Chemist: 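I have a structure here, written as structure tokens, and I will follow up with some questions on it.
Every chain is numbered from 1, with letters handed out A, B, ... down the list of sequences. Treat the numbers as computed from the prediction; the structure is a model and nothing was measured.
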Amino acid sequence: MSRRGINREGFAALLPVLEVDEAAVRRELKSLAPGPNSPFARLSGTHFARLVLLRPFDGLPSCLFFAAEFDAFVGGFLEMLCTALPNECNAIFGHCQRYPGTGAPPEFKRWMLQHRVRPGFTVIGNPGASADEVERCLRLRQRIIEFAVATRGLEPADLSEKWSEQDWGA
Amino acid sequence: MASHNQVSPITVLTPVRRFWYWWLRLTWPGADRGLWIKRPTLRLKFIHVAHWGLIDRLPMGAPSHPYVLFQSNFDGPAREYAEAFALGLPWRIRGLWAGGYGFPGPRPSNDFVDYVLDHAVNERYHYYARSPTATVRTVRAALELDASFKRFRDETKELGPDEFAEAWQRFLTREQHNL
């Protein structure tokens with residue numbers, strides 16, 4: 001399932017919502033915790049994820065748009081989604097047409113892939129970096145900045161002592 | 001659409017003419033593989049990930065024209081984002097949207113920005129970003145700094161306090177653009 005850096009295709013799907021369930025989908029989306037408490041934070045290697053309800057327009061029925069960027073292969077990501085977030089998946093996607101549930105991951109995967117919108121043209125800002133690597137490097141950068149500020153103007157011996165106290169990791 | 005976080009999502013659905021659907025299907029594979037189309041887009045340094053896709057298999061009851069689905073994770077407000085595209089990449093904008101119904105062209109940029117925002121999904125999102133406050137530039141700087149810092153640590157392992165202090169100052173000077 002793991003791969004080097006972000007999957008350049010990501011995953012996106014337009015999932016037609018049962019006509020009577022629009023309000024329920026909206027409620028479910030509203031109830032999801034934001035930021036680090038989002039259920040997607042529990043899917044390791046996920047860079048970005050979005051869920052948004054598209055109102056009916058131009059004759060299109062209302063659809064739930066689901067998209068995510070991650071480090072895994074698409075199949076692996078969908079399996080992880082199904083097995084790690086079964087309650088959330090059932091609560092949200094359960095309002096979509098022909099949703100098979102999370103009881104049988106292959107069926108869940110097949111249903112998602114049937115609604116997939118494949119990207120034709122993709123731009124990625126930092127293509128080689130995994131989500132974990134990005135987070136680690138951001139933390140390291142912050143620590144270096146803090147260390148530089150804290151040790152500004154110190155004598156070499158004091159700087160060296162402060163440096164030796166640091167655990168910068170492997 | 002935008003929030004207090006640095007990284008924001010945008011989702012834009014634009015109906016396009018049938019001939020344009022085929023044009024995109026023919027040209028995207030080459031454009032997606034080659035850097036000469038993408039390089040100017042990457043130079044803008046505010047796109048984390050952006051995808052353009054085609055919707056042709058529509059659910060029942062839908063109209064017969066296809067759609068271009070554009071979705072992006074980017075830094076800053078959506079208006080500035082669309083404006084930067086229009087001003088910086090006019091030919092690429094035409095190459096992506098010229099066959100769209102109502103496409104005004106990239107200039108004047110206000111018309112293009114309105115076109116994008118008018119077609120943007122304006123519903124409440126559930127949006128997750130692993131590092132929501134880190135811009136593309138910050139992430140790039142952190143990745144570069146990581147490699148440079150590893151070298152610095154290797155090179156300064158055996159140094160005494162005076163030499164270390166000098167090396168530290170040189171490191172900070174060299175890496176100030178990444179800090």
Side-chain angles (χ1 to χ4, degrees), chain A residues 6 9-10 12 14 16 26 29-30 32 34-35 38-41 46-55 57-61 63 65 67 69 97 117-126 128-129 131 133-138 140-141 144-145 148 151 154-157 159-161 163 168, chain B residues 7 9 11 13 15 24-25 28-29 31-32 37-38 41-42 45-55 58-63 69 71-73 96 121 123-132 134 136 138-143 145-146 149 153 160-162 164-166 168 172 178-179:
Chain A
I6 194 165
E9 288 205 328
L14 267 181
R26 207 168 274 125
L29 296 187
K30 202 174 170 183
L32 293 174
S38 162
F40 292 109
T46 302
H47 295 249
F48 306 102
R50 75 182 71 187
L51 282 162
V52 62
L53 184 68
L54 312 187
R55 289 167 194 254
F57 72 102
D58 276 1
L60 279 166
C63 287
F65 180 59
E69 312 297 335
Q97 293 175 16
V117 181
R118 273 187 171 278
F121 185 69
T122 293
V123 174
I124 300 179
N126 295 299
E133 192 180 356
V134 167
E135 197 171 87
R136 181 185 63 75
C137 291
L138 287 168
L140 175 66
R141 178 175 176 271
I144 293 171
I145 292 170
T151 58
L154 287 186
E155 292 298 318
L159 171 66
S160 191
E161 193 186 327
W163 175 261
W168 296 104
Chain B
V7 187
T11 309
L13 264 173
L24 293 176
R25 280 200 65 167
W28 272 353
D32 195 44
I37 293 275
K38 290 187 181 179
T41 320
L42 289 168
K45 289 182 186 162
F46 51 57
I47 300 172
H48 290 268
V49 185
H51 297 292
W52 284 259
L54 284 166
I55 304 172
L58 296 169
M60 277 167 55
L69 171 68
Q71 49 136 336
S72 177
N73 305 271
L96 288 162
V121 178
E123 280 277 331
R124 182 194 180 93
Y125 277 78
H126 174 73
Y127 184 61
Y128 168 74
R130 172 82 174 260
S131 307
V136 173
T138 312
V139 171
R140 204 166 289 174
L143 293 168
L145 188 64
D146 178 54
F149 189 62
R153 285 173 66 195
D162 290 332
F164 176 79
E166 277 176 32
W168 177 244
L172 291 180
N178 285 328
L179 291 166

Chemist: Taking atom types as modelled, is there a side-chain donor on A/T46 or B/R130 under 3.5 Å from an acceptor on the other?
Modeler: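 Side-chain D/A pair, A/T46 to B/R130: absent.
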
Chemist: Say you draw a straight line from CG of B/N178 to SG of A/C137; how long is it, rounded to the nearest 0.5 Å?
Modeler: 11.0 Å

Chemist: Can you measure from CG (B/L42) to CD1 (A/I124) and round to the nearest 0.5 angstrom?
Modeler: 9.0 Å

Chemist: Below 4.0 angstrom, N of the basic side chain to O of the carboxylate: do A/R136 and B/D146 qualify?
Modeler: yes

Chemist: Measure A/E9 against the heavy atoms of chain B and call it side chain, backbone, both or neither at under 4.5 Å.
Modeler: backbone

Chemist: Given the options A/G128, A/A67, A/G125, which has more heavy-atom pairs under 4.5 Å with chain B than any of the others?
Modeler: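 Highest number of heavy-atom pairs under 4.5 Å: A/G125.
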
Chemist: Over 60° means perpendicular and under 30° means parallel, so classify the ring planes of A/F121 and B/W52, tilted if in between.
Modeler: tilted

Chemist: How many angstroms lie between OH in B/Y128 and CG in A/L32, if you round to the nearest 0.5 Å?
Modeler: 13.5 Å

Chemist: What's the separation between atom NE2 in B/H51 and atom CD in A/E69, rounded to the nearest 0.5 Å?
Modeler: 3.5 Å

Chemist: For B/L145, which atoms come within 4.5 Å of any heavy atom of chain A: side chain, backbone, both, or neither?
Modeler: side chain

Chemist: Considering only heavy atoms and a distance below 4.5 Å, find which of A/V52, A/V134, A/L159, A/L54 pairs most often with chain B.
Modeler: A/V52

Chemist: Could you give the distance from CZ (B/F149) to CH2 (A/W168), rounded to the nearest 0.5 Å?
Modeler: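 Separation between the atoms: 4.5 Å.
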
Chemist: To the nearest 0.5 Å, what is the distance between CG on B/L172 and OG1 on A/T151?
Modeler: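 Going from CG on B/L172 over to OG1 on A/T151, the span is 7.5 Å.
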
Chemist: What closest approach, in Å, do B/A165 and A/P156 show between heavy atoms, and which atom pair accounts for it?
Modeler: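 Heavy-atom minimum between the residues: CB-CB, 3.8 Å.
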
Chemist: Looking at B/I37, B/L96, B/D32, which makes the most heavy-atom pairs under 4.5 Å with chain A?
Modeler: B/D32

Chemist: Which atoms form the tightest heavy-atom contact between A/P39 and B/H126, and what is the distance?
Modeler: CD-NE2, 4.1 Å

Chemist: State, yes or no, whether a side-chain contact exists between B/Y125 and A/L51 at a heavy-atom distance under 4.5 Å.
Modeler: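 Side chain of B/Y125 against side chain of A/L51, heavy atoms only: no contact under 4.5 Å found.
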
Chemist: Does any non-hydrogen side-chain atom of A/W163 lie less than 4.5 Å from one of B/R153?
Modeler: yes

Chemist: Do you know which two heavy atoms are closest between B/R140 and A/N126, and how far apart they sit?
Modeler: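 Scanning both residues completely, I find the closest heavy atoms to be NE-OD1, 3.2 Å.
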
Chemist: Report which part of B/I47 has an atom under 4.5 Å of a heavy atom belonging to chain A: side chain, backbone, both, or neither.
Modeler: both

Chemist: Out of B/L24, B/L69, B/L54, which one racks up the most heavy-atom pairs below 4.5 Å with chain A?
Modeler: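 Ranked by heavy-atom pairs under 4.5 Å with chain A, first place is B/L69.
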
Chemist: Can you tell if the side chain of B/T11 reaches within under 4.5 Å of the side chain of A/F65, non-hydrogen atoms only?
Modeler: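 Yes, close enough: below the 4.5 Å cut-off.
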
Chemist: Which word best sums up how the rings of A/F48 and B/Y127 line up, parallel for under 30°, tilted for 30 to 60°, or perpendicular for over 60°?
Modeler: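 Parallel: the ring planes of A/F48 and B/Y127 meet at under 30°.
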
Chemist: Shorter than 4.5 Å, heavy atoms on both sides: which option in B/L143, B/D162, B/L13, B/T41 has the most such pairs with chain A?
Modeler: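 Top count of heavy-atom pairs under 4.5 Å with chain A: B/L143.
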
Chemist: State whether the side chain of B/K38 and the backbone N or O of A/T122 hold a donor-acceptor pair below 3.5 Å, judged by distance alone.
Modeler: yes

Chemist: Which one of A/L29, A/L53, A/L138 has the most heavy-atom pairs closer than 4.5 Å to chain B?
Modeler: A/L138

Chemist: For a side-chain contact (heavy atoms from CB on, under 4.5 Å) check, start with the C-alpha distance between A/H47 and B/H48, then their side-chain angles and the critical distance, and finish with the verdict.
Modeler: CA-CA 10 Å; A/H47 295 249; B/H48 290 268; over 6 Å; no

Chemist: For chain B, which of A/A12, A/A41, A/A129 has the most heavy-atom pairs under 4.5 Å?
Modeler: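 Greatest number of close heavy-atom pairs with chain B: A/A41.
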
Chemist: I'd like to know whether B/T138 forms a side-chain contact (heavy atoms from CB on, under 4.5 Å) with A/R141, so could you lay out the CA-CA distance, the side-chain angles of the two residues, the decisive distance to 0.1 Å, and finally the verdict.
Modeler: CA-CA 9 Å; B/T138 312; A/R141 178 175 176 271; 3.4 Å; yes

Chemist: Would a distance-only check, ignoring hydrogens and angles, find a side-chain to backbone donor-acceptor pair under 3.5 Å from A/R118 to B/G53?
Modeler: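 Such a contact is absent between A/R118 side chain and B/G53 backbone.
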
